[in-house]
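Report on the following structure.
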Amino acid sequence: MLEISGVAKAFGGFQALIGVSLRVEPGEIAAIIGPNGAGKSTLFNVITGHLVPDAGRINLKGRDITGLPPHAICRLGLARSFQRTNIFPRLSVFDNVQVAILSHEGRAQEMWSRARDLGRERTMAILEDVGLAGRAAEASGSLSYGDQKQLELGIALALEPEMLLLDEPTAGMSPQETRSSMALVARIARDRRLTLLFTEHDMGVVFSVAQRIRVLHQGRIIAEGAPDEVRRNDEVKRVYLGKH
Amino acid sequence: MERRLVVRAVAGVALLAVPLVLPQFYLLLSVEILIMGLFAIGFNVLMGYAGMVSFGHAAFFGVGAYTCGLLLKKTEAPFVVAFLAAPVVAVVVAAVIGYFCVRLTRIYFSMLTLAFSQIVWATAHKWYSLTGGDNGLVGVPIPAWLIGPRAFYGFVAGVSLIVVAVLWRIMEAPFGRTLLAIRENAERAEFVGINVKRTQLTAFALSGAVSGLAGGMFALFTRGAFPEYAFWTKSAEVLIMTLLGGPHVFLGPALGAGILIVLNSVVTSYTEYWPIVLGIILLALIYVFPGGMTRMFLGWRGAGRPAGATRA
Amino acid sequence: MPDLSAFADPGFLAVQCLNGLTQAMFLFLIASGLSLIFGVLGVLNFAHGSLYMLGAYLSYTIASWFVGPPATFWVALVLGSIGVALVGGIIESVFLRPVYRREELEQLLVTYALVLIISDLVKLAWGAENRSGSRPALLAGSVDIAGRDFPTYNLFVLAVGPLVALALWLLLRRTQFGRLVRAAANDREMVGVVGVNVKGLFTGVFMLGAWLGGLGGGLAAPIGAIFPGMDVEIIVESFIVVVVGGMGSLGGTLLGALIIGQLNAFGILFFPRFAIVFVYVLMAVVLVIRPWGLLGRPVTRG
């Protein structure tokens with residue numbers, strides 16, 4: 001599904017990513033972990049086209065997407081969520097998801113159809129999925145933090161992605177919200193046969209949800225494997241888990 | 001739903017017909033309000049919907065005015081061609097200027113629109129052989145059927161009604177929603193697959209076209225075109241009208257135009273110190289009624305509604 | 001066809017260049033205040049041209065109070081610019097302070113409202129006709145530059161500009177106030193967090209910026225005509241200078257002023273009618289190629 005080879009990215013003199021390669025198979029639920037500043041968000045930004053890598057190639061479904069703009073990569077079936085909530089705050093909850101659906105259907109530029117009821121059923125179905133159906137008319141900016149995160153997930157799902165990238169999907173959530181939210185993500189991923197790649201700081205979540213884990217440290221991948229393998233890896237223990 | 005639309009349309013037409021029975025002075029004032037209101041609504045496509053604050057929209061108003069005026073005065077072009085050329089030339093100029101401007105954001109975007117519009121102004125101001133320079137282009141002939149305040153008002157009202165209806169339709173279409181999404185969060189919009197720059201450019205051109213059309217009508221109204229039409233203070237004027245009426249309501253800017261022009265007319269009949277009155281109104285707008293007059297009037301209705309849902 | 005014969009005359013070229021430099025010094029004085037305020041407060045102050053105009057009128061009037069003593073001009077210059085700084089302090093603390101947390105556009109509108117109000121107040125106080133101050137006796141003559149006359153007063157202005165630039169540089173680099181100003185320009189929120197008196201800092205910066213504008217106006221009083229409308233004329237030129245040089249960069253503002261001054265002085269020789277277009281074209285080109293200006297730094301936040 002996603003294949004990254006030899007990707008490097010530097011900011012000024014700081015090497016944020018050094019020769020990162022990884023492969024995510026279709027349907028896989030994969031996690032990237034690593035201490036703060038390891039380069040996780042940079043890697044996501046490079047994959048989704050927000051940043052252009054200094055070196056290396058990125059392939060999505062066998063197609064080279066290196067250097068494509070975000071909107072083009074998005075249309076190829078890759079959706080993402082952000083570490084800090086990233087919604088359309090003064091639009092209603094309904095409009096947040098509807099705008100994504102219209103964009104996905106290639107109707108974002110239509111000038112003569114009436115937007116009000118377009119994609120209403122699909123929008124409501126998605127809001128139902130993420131538990132926000134009852135709040136469709138509210139201004140999204142007034143939702144609680146946890147609900148805004150759910151809405152972000154809803155926006156991503158509206159794009160009917162084949163692959164979903166979630167950057168710290170539970171950051172800022174209470175332990176309880178975290179558990180229910182990740183259970184929901186995992187269920188949706190299985191139901192829709194999504195390929196999922198996420199970063200997460202909560203190790204409990206990572207080791208219970210992910211099928212494969214990569215450990216990023218100082219811009220390099222230092223370990224890769226099933227949760228048990230990674231847990232046993234000496235280098236990982238030393239640089240990362242040892243701190244906890 | 002459809003019935004409400006019909007009621008609104010009838011009410012709109014009735015409202016537009018009222019000035020026809022007013023004395024000539026008010027009729028002419030109404031013409032000015034309609035034209036500037038149309039300009040402000042066009043400007044607001046960019047500001048209120050797309051969240052891009054242009055400091056240079058007078059450029060398109062001026063281009064429209066000079067296009068229409070020059071074609072009527074210096075060529076044999078039929079009226080319809082000269083009139084429609086105003087938005088057409090404005091859209092071309094807006095597309096070129098917009099191509100560069102949409103690459104920038106915030107204050108940098110505003111500054112670039114200002115620079116381009118001042119280029120347009122300086123050209124009009126100095127190109128004596130074509131535009132008449134600072135004397136302006138005067139004595140633009142208009143067809144016989146347009147002469148007389150009632151006929152002219154009818155023409156302006158008809159054109160404005162059509163253009164506003166079309167624009168309303170576009171803003172209520174997915175395109176309008178896409179603009180709101182970009183205004184709210186351009187980065188997120190990019191990540192739901194929206195080509196943000198292209199959408200912004202389309203909005204820029206659309207906004208320029210409407211401004212150009214308003215400029216064309218204004219040239220017919222004043223039978224001339226003047227460099228001030230493209231000067232940055234004209235851009236400030238339309239910005240103020242929009243803020244005064246409220247940028248988050250579709251017809252708000254037109255209301256702002258009405259308020260400003262009527263106030264101007266009243267105040268200037270008493271004193272030459274209109275700017276100081278306007279300055280105080282602006283300060284009151286900021287400290288006392290943020291969100292514009294429409295927000296003040298609609299406040300009781302709009303309270304439970306998301307601010308971005310732009311419905312009149 | 002432009003008349004190129006003038007270019008064979010070195011004296012003429014030198015004087016033209018000096019004229020451009022003189023204009024650059026005025027632009028620098030005004031634009032440096034504008035840029036400083038933008039850098040620290042984040043407010044694009046449309047009313048900066050009004051402060052310049054106010055400086056010119058105040059100096060003119062103060063000078064007219066005591067006709068006679070040779071120190072008149074200097075007293076008027078000092079008092080006039082300090083008066084403008086005080087007006088700046090009022091503007092900042094009364095009008096701007098309530099809107100720092102609002103949208104940029106509203107802050108801009110406040111300063112634009114002040115443009116309208118100040119322009120009418122000036123008309124009310126001084127009338128609509130043009131006025132002209134007089135030069136101090138010491139600087140009233142002219143000097144010979146390669147066979148051409150050049151006003152001594154302009155030479156004085158040419159000296160003041162670099163001196164003010166140097167003083168500003170020292171202030172920003174070598175004093176505690178300067179360190180705070182630079183820190184605030186880098187990160188406005190941070191300064192408040194570390195316990196600096198942000199209110200006082202903002203008022204101080206605005207007053208300093210206003211003083212620079214007032215000083216420019218006071219210096220312009222004896223040579224340019226003083227008239228209502230000089231505010232709007234100068235503000236757009238100062239925007240150009242700041243944009244070309246880089247918003248918030250002192251060196252950039254100086255460079256921008258020098259470029260615009262020379263462009264105006266020599267553009268008028270080549271294309272007398274279209275010289276005015278060049279500065280706007282330059283502004284547009286810089287914004288397209290380097291939106292953050294020649295010597296500015298790209299903004300990463302927002």
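This structure is a prediction, so every number in the text was calculated from the model and none was measured.
C:Val99 touches chain B through its side chain: at least one heavy atom from C-beta onward sits under 4.5 Å away, while N, CA, C and O do not. The part of B:Leu104 that comes within reach of chain C is its side chain, from C-beta onward, which places non-hydrogen atoms under 4.5 angstrom from that chain. Heavy atoms closer than 4.5 Å to chain B are found in the side chain of C:Val236, but not in its backbone. Both the backbone and the side chain of B:Ile280 come within contact range of chain C, judged by heavy atoms closer than 4.5 Å. With a 4.5 angstrom heavy-atom cutoff, C:Val110 touches chain B via backbone and side-chain atoms both. When heavy atoms are compared at a cutoff of 4.5 Å, C:Ile235 approaches chain B solely by way of its side chain, counted from C-beta outward. Only the side chain of C:Pro98 has a heavy atom closer than 4.5 Å to any heavy atom of chain B.
Contact check for C:Val232 versus B:Trp232: side-chain heavy atoms found under the 4.5 Å cut-off. Taking the side chain as every heavy atom from C-beta outward, B:Gln118 and C:Met283 never approach each other to under 4.5 Å. Considering only heavy atoms from C-beta on, C:Val277 stays 4.5 Å or farther from B:Lys126 through its side chain. Side-chain contact between B:Met47 and C:Leu105 is present, with heavy atoms from C-beta onward closer than 4.5 Å. Taking the side chain as every heavy atom from C-beta outward, C:Arg102 and B:Ile286 approach each other to under 4.5 Å. Contact check for C:Phe38 versus B:Ile107: side-chain heavy atoms found under the 4.5 Å cut-off. Taking the side chain as every heavy atom from C-beta outward, B:Glu272 and C:Asp120 never approach each other to under 4.5 Å.
Heavy-atom pairs under 4.5 Å with chain B were tallied for C:Leu108, C:Leu109, C:Leu114; the largest tally goes to C:Leu109. Ranked by heavy-atom pairs under 4.5 Å with chain C, the list B:Thr113, B:Leu278, B:Leu282, B:Ile119 is led by B:Ile119. Heavy-atom pairs under 4.5 Å with chain C were tallied for B:Ser117, B:Ala115, B:Ala122; the largest tally goes to B:Ala115. Note on B:Phe116, B:Trp274, B:Phe55: by heavy-atom pairs under 4.5 Å with chain C, the leading option is B:Phe55.
Open room surrounds CH2 on B:Trp127; 12 or fewer heavy atoms of other groups in view lie less than 6.0 Å from it. Heavy-atom contacts from other residues, nucleotides or ligands closer than 6.0 Å to OH of B:Tyr128 number more than 12.
Ring-plane geometry between B:Tyr287 and C:Phe95 is classed as tilted, the angle between the planes lying from 30 to 60 degrees on a 0 to 90 degree scale. The aromatic rings of B:Trp121 and C:Tyr280 lie perpendicular to each other, with more than 60° between the two planes, well past the 30° mark.
Here the CG atom belonging to C:Leu124 is positioned 4.0 Å from the OH atom belonging to B:Tyr273, to the nearest 0.5 angstrom.
When all heavy atoms of C:Ser119 and B:Pro275 are compared, the pair lying nearest together is OG-CB, 4.5 Å.
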Exercise. side-chain contact (heavy atoms from CB on, under 4.5 Å) between C:Tyr112 and B:Ile240: does it pass, once the steps are laid out?
Worked result: CA-CA 10 Å; C:Tyr112 188 70; B:Ile240 288 168; 3.4 Å; yes
Exercise. Do B:Val277 and C:Leu116 pass the side-chain contact (heavy atoms from CB on, under 4.5 Å) test, and can you show the C-alpha distance, the side-chain angles, and the key distance before you say yes or no?
Worked result: CA-CA 8 Å; B:Val277 176; C:Leu116 298 172; over 6 Å; no
